[in-house]
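The next block holds one structure in the form of structure tokens; read it before the comments.
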2 protein chains.
Amino acid sequence: MIFTTKAEYGVRLLVELGRQDSGTPVSLKAIAETEGLPLAYLERIVALLKKADLVESTRGAHGGYRLARPAHEIHMDEAVLALEGGIAPMSCFVEEREDGRVLCSHLDEGHTGCATRLLWTRVQGGVLGALAKTTLQELVDFAGPALVSTSTPDPVGAALPLHDAA
Amino acid sequence: MIFTTKAEYGVRLLVELGRQDSGTPVSLKAIAETEGLPLAYLERIVALLKKADLVESTRGAHGGYRLARPAHEIHMDEAVLALEGGIAPMSCFVEEREDGRVLCSHLDEGHTGCATRLLWTRVQGGVLGALAKTTLQELVDFAGPALVSTSTPDPVGAALPLHDAA
DNA sequence: AGCTATTCCGACGCTTTGGGTAGGATTAGG
DNA sequence: CCTAATCCTACCCAAAGCGTCGGAATAGCT
């Protein structure tokens with residue numbers, strides 16, 4: 001079980017925006033370059049954040065994006081939910097819908113099925129809890145000061161060998 | 001983010017075995033039928049559980065599987081780990097390997113990258129915590145008494161409309 | 001011995017979806 | 001009106017999920 005790159009890139013994008021909460025918008029191009037992410041793909045990702053009212057945009061030349069709220073008011077459950085479109089540990093597990101149905105397998109045949117429901121419920125709770133208690137501000141602090149257009153490398157962490165191409 | 005059917009089917013299988021902790025082994029065929037799961041696929045799934053020493057098998061006629069330990073000693077983190085082959089919330093996030101490398105994206109280019117690491121670490125902790133604190137016995141109790149070969153329907157729960165074919 | 005029920009094992013195939021591109025339309029500053 | 005940016009929709013490729021198939025090995029039964 002794994003989140004997709006939408007969550008990864010989207011959170012990175014938010015962190016980048018959080019680093020310069022100045023009022024002036026940041027262009028996706030700048031973020032794409034400093035983070036080394038594909039611009040076209042970022043466009044689609046940021047659209048999700050905008051729809052969820054986590055970021056605001058200014059169009060035209062010198063336009064870009066900024067946080068719609070201060071970083072410490074943005075909790076990551078909101079962000080990841082917007083990016084991934086739902087937090088369910090199992091396809092057979094979706095929060096109640098309008099029509100009240102819940103996806104699951106063959107319960108009609110006997111009440112079987114979701115003995116596992118208890119488990120997935122707890123897992124979902126664990127994930128949502130971890131996300132909700134983390135604010136964007138924490139991630140910004142953790143990441144260190146601004147990176148976009150200011151290249152002062154390596155204040156923090158610096159460990160973590162990466163990018164396994166194997 | 002979502003677990004695969006391996007986790008779902010595998011846990012269901014364990015629950016089914018837990019329901020009759022009598023010493024006599026249960027055949028996959030029986031489980032496949034009562035749970036409505038594809039036998040051939042279950043075979044491959046149970047192999048994962050066996051390799052992790054969660055179940056034992058007896059070959060030949062009247063063979064089958066049984067739990068390798070009492071249900072209350074089987075914690076679900078072990079099971080899900082065996083079934084899914086690792087619990088990472090992000091592809092860029094794998095526990096240390098022998099060679100000490102950690103998968104992640106472009107950290108070489110500057111320490112950037114894992115501002116998000118803090119977040120995924122917490123999420124992983126939430127998931128593992130939820131899994132570890134749940135024992136197979138709990139799920140067995142939650143599911144109600146035996147179902148394989150004894151058809152006393154509906155002692156418990158009984159809610160949960162299911163199987164959305166949409 | 002042979003039959004049958006079962007676990008074991010490896011190769012293969014279908015379908016979905018993640019991850020990304022391409023190309024253009026719209027908006028706004030200079 | 002040119003350029004820099006957001007916006008939007010359609011498309012494509014590779015990987016992974018979710019199985020199937022066929023057969024081998026093992027063990028009880030008659």
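It should be emphasised that the depicted structure is a prediction, and the values quoted were computed from it without experimental measurement. Proteins get letters first, then strands, A, B, ... in listed order; numbering begins at 1 in each.
- Atom pair B/Leu48:CG and C/dC9:P shows a separation of 12 Å (rounding to whole Å applied).
- The CG atom of B/Leu49 sits 12 Å away from the P atom of C/dC8 (whole-angstrom rounding).
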Treating primed atoms plus P, OP1 and OP2 as sugar-phosphate and everything else as base, which nucleotides of nucleotides 18-30 of chain D get B, S or - for protein heavy atoms under 4.0 Å?
SBB----BBBS--
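- Under the side chain to side chain donor-acceptor pair (under 3.5 Å) criterion, B/Thr5 pairs with B/Tyr41, sequence neighbours left out.
- Using modelled atom types and a 3.5 Å distance limit, the side chains of A/Arg66 and A/Thr24 yield no donor-acceptor pair.
- B/Lys29 pairs by the side chain to side chain contact (heavy atoms under 4.5 Å, CB included) definition with B/Ser27, B/Glu33, not counting sequence neighbours.
- In this structure, A/Lys51 places its NZ atom 13 Å from P of D/dC7, rounding to the nearest Å.
- In this structure, A/Glu56 places its CD atom 17 Å from C1' of D/dC7, rounding to the nearest Å.
- One finds no side-chain N or O of A/Lys50 lying less than 4.0 angstrom from the OP1 or OP2 phosphate oxygen of D/dT6.
- In this view, B/Glu78 and B/Leu54, B/Arg69 satisfy the side chain to side chain contact (heavy atoms under 4.5 Å, CB included) rule, not counting sequence neighbours.
- Nucleotide C/dT7 holds its P atom 10 Å from the CG atom of B/Leu42, rounded to whole Å.
- Counting only residues at least two apart or on different chains, the side chain to side chain donor-acceptor pair (under 3.5 Å) pairs with a member in residues 127-140 of chain A are A/Thr134-B/Arg122, A/Gln137-A/Asp141, A/Glu138-B/Arg122.
- A search for salt bridge (Lys or Arg N to Asp or Glu O under 4.0 Å) contacts involving B/Glu73 returns nothing, not counting sequence neighbours.
- Rounded to whole Å, the distance from CD on A/Glu33 to C1' on D/dA5 is 13 Å.
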